[in-house]
Amino acid sequence: VPPMLGNAVIMTWNFLTTLIAVPLASKIPLSKLYLLGLLVASVGCAISASGSYLMGSAGGVSTPLISFISCVGIAVFIAGFETGMAPAGFVLVARVYPSH
């Protein structure tokens, strides 16, 4: 995959998961949303780590399957981060420093 195409795919996924996170941040309590996002992001890290482990056990050779596993892990991490940890900071600041 060319780097610019990969960048565009990641940015699009980031944008879509942010759109999903906006209504969730107002409907689900912040602590539950944060923990859910943390759990999903941790699963994404574990998936990415398994891709790296497989590449190491394959003698450092990356196969299409290993690359796919790593990409899925990154996508899952972004989804967890955008739905849980990212909005938590903005909601917290809005509650600490209200506009009125």
Hey, is the main chain of I78 close enough, under 3.5 Å, to the side chain of W13 for a donor-acceptor pair?
-> no
Where do S70 and G51 come nearest, in terms of heavy atoms and distance?
-> OG-CA, 3.8 Å
Report whether F68 and I47 are members of the same hydrophobic cluster (ILVMFWY, side-chain heavy atoms less than 4.5 Å apart, transitive linking).
-> yes
Heavy-atom check, side chain of V76 versus side chain of V72, under 4.5 Å = yes
Could you state the interatomic distance from NZ (K32) to NZ (K27), rounded to the nearest 0.5 Å?
-> 16.0 Å
With the 4.5 Å side-chain cut-off for hydrophobic clustering, are L38 and F77 part of the same group?
-> yes
Are I28 and I20 connected in a single hydrophobic cluster, I mean Ile/Leu/Val/Met/Phe/Trp/Tyr linked by side-chain heavy atoms less than 4.5 Å apart?
-> yes
Are L36 and T83 close enough that some pair of their side-chain heavy atoms sits under 4.5 Å apart?
-> no
Joint hydrophobic cluster, Y34 plus V43, side-chain heavy atoms closer than 4.5 Å = no
Beyond-backbone contact of L24 with L33, side-chain heavy atoms, under 4.5 angstrom | yes
Gap separating the OG1 atom of T17 from the CZ atom of F81, nearest 0.5 angstrom | 10.0 Å
Heavy-atom distance under 4.5 Å between the side chains of L54 and L65, does that happen here?
-> no
What one should report as the nearest heavy-atom pair of A41 and M85 is CB-CE, 3.5 Å
